[in-house]
Amino acid sequence: NDYEKIIHQRTNTTPFNLAPQEEGTGVAVRVMKPLEATELSLETVYEKFHPSVQSFTDIIGHYISGERPKGIQETEQMLKVGTALTGVGELVLDNATVKLQPPKQGLPYYLSAADFDTLLQKQESGVRFWKILTIVFGFATCAILFFLLRKQYRHQQERWHLRQMQEEFQQAQERLARRTNAESGETLKRVCVVCLTNAKSCVFLECGHVCSCIECYWALPKPKRCPICRQAIARAVPLYNS
């Protein structure tokens with residue numbers, strides 16, 4: 001890639017005045033610090049290119065360094081007498097001389113070859129561009145913020161829904177556990193205490209305990225005793241559930 005750099009620069013300034021196009025008005029404005037002005041376009045009055053002469057050693061050095069000078073461009077630019085300029089800056093009355101100088105508040109200082117309306121339109125177009133860019137970036141920021149908030153809201157909704165489902169599932173599990181425990185308790189109350197399989201189907205006399213099925217009663221060793229109170233069983237009366 002090609003690039004340019006300034007080796008030497010010399011600037012000569014000569015005080016000059018801005019005078020209106022109408023002759024005989026006698027009003028002139030002395031321009032101060034013209035090189036600090038924006039859009040000061042100078043006309044090139046001299047230009048010459050001096051190609052570089054390279055020896056064999058220079059070629060090797062340029063190959064190692066990766067840079068090869070093409071030459072030196074010598075130019076001379078100036079603002080010719082009679083050039084039409086539009087100046088925008090701070091006007092100061094110094095004795096009988098009106099001076100145009102850069103504003104002290106840091107505002108832009110213009111010396112342009114365009115007329116005032118063109119310069120004003122250019123500045124307004126720049127302001128309009130930045131306004132449009134600000135609005136676009138503002139809308140983009142609002143859209144991104146809305147998208148992030150909407151995503152966060154959906155995430156919170158999903159977490160709340162998941163937590164609600166977990167609570168409902170836990171409550172269902174607790175209800176099922178209570179129902180299972182109740183059914184297990186009722187089943188144990190009706191089951192024979194000996195085999196834990198068959199339902200209780202007889203009453204032992206004289207103690208009156210209902211704790212065994214008829215099969216386990218016949219399987220009890222003699223003398224038959226109640227498995228609950230160990231009292232002798234006189235007889236067993238069948239129990240019928242209607």
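Along the sequence shown, residues are numbered consecutively beginning with 1. Here the structure is a predicted model, which is why all the values come from computation and not from measurement.
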In residues 82-104, what donor-acceptor pairs under 3.5 Å come from side-chain atoms, sequence neighbours left out?
from, atom 1, to, atom 2, distance (Å)
Thr83, OG1, Lys80, O, 2.7
Thr86, OG1, Ala114, O, 2.7
Glu90, OE1, Lys104, N, 3.4
Asp94, OD2, Lys99, NZ, 2.8

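- Shortest non-hydrogen contact noted between Ser41 and Leu79 is O-CD1, 4.2 Å.
- In this structure, Ile233 shares a hydrophobic cluster with Phe204, Ile214, Tyr217, Trp218, Leu220, the cluster being traced through Ile, Leu, Val, Met, Phe, Trp and Tyr side chains under 4.5 angstrom apart.
- Contact between Pro34 and Leu40 at its shortest, heavy atoms only, is O-CD2, 3.3 Å.
- Annotation: side chain of Cys195 is not in contact with side chain of Glu215 (no heavy-atom distance under 4.5 Å).
- Once rounded to the nearest 0.5 Å, the distance linking NZ of Lys224 with OG of Ser212 reads 9.5 Å.
- Taking each heavy atom of Val194 and Pro227 in turn, the nearest pair found is CG2-CG, 4.2 Å.
- Trp130 and Thr134 make their closest contact through O-OG1, 2.6 Å (heavy atoms, listed as atom of the first residue, atom of the second, distance).
- Interatomic distance, Glu124 CD to Lys131 NZ, rounded to the nearest 0.5 Å: 9.0 Å.
- Sorted by first and then second residue, the pairs that involve residues 4-18 and meet side chain to side chain donor-acceptor pair (under 3.5 Å), not counting sequence neighbours, are Asn17-Arg30.
- Side chains of Glu43 and Gln77: a donor-acceptor N/O pair is absent below 3.5 angstrom, by distance only.
- In this structure, the side chains of Thr197 and Cys192 stay at 4.5 Å or more apart for every pair of heavy atoms.
- When side chains are defined from C-beta on, Gln171 does not count as touching Phe169, because their heavy atoms never get closer than 4.5 Å.
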Would you list the atom pairs, donor with acceptor, under 3.5 Å between side chains in residues 50-64 and any protein atom, with sequence neighbours excluded?
from, atom 1, to, atom 2, distance (Å)
His50, NE2, Glu74, OE1, 3.0
Ser52, OG, Pro69, O, 2.9
Ser52, OG, Lys70, O, 3.4
Gln54, NE2, Pro69, O, 3.0
Ser55, OG, Asp58, N, 3.4
Ser55, OG, Asp58, OD2, 3.1
Asp58, OD2, Ser55, N, 3.3
His62, ND1, Asp58, O, 3.1

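- Salt bridge status for Arg235 with Glu206: absent, with no side-chain N to carboxylate O gap under 4.0 Å.
- With contacts defined as side-chain heavy-atom distances shorter than 4.5 Å, the pair Leu119/Asp115 does not qualify.
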Check residues 144-161 and write down every donor-acceptor pair under 3.5 Å in which the side-chain atom is one partner and the other belongs to a residue at least two apart or another chain.
none

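- Tyr109 and Leu42 fall within the same hydrophobic cluster, where Ile, Leu, Val, Met, Phe, Trp and Tyr residues are linked whenever their side-chain heavy atoms come under 4.5 Å apart, directly or through other members.
- In terms of the ring pair (Phe, Tyr, Trp, His ring centres under 6.0 Å) criterion, Tyr110 has no residue partners (sequence neighbours excluded).
- Inter-residue side-chain proximity for Pro238 and Cys202 is flagged as unmet; no heavy-atom pair is nearer than 4.5 Å.
- Residue Ile7 holds its CD1 atom at 11.0 Å from CD of Gln73, rounded to the nearest 0.5 Å.
- Side-chain heavy atoms closer than 4.5 Å link hydrophobic residues (I, L, V, M, F, W, Y) into clusters, and following such links, even through other members, never connects Met78 to Val81.
- The minimum heavy-atom distance between His209 and Cys226, with the atom names listed, is ND1-SG, 3.4 Å.
- At most 12 non-hydrogen atoms from other residues, nucleotides or ligands lie less than 6.0 angstrom from CD1 of Ile72.
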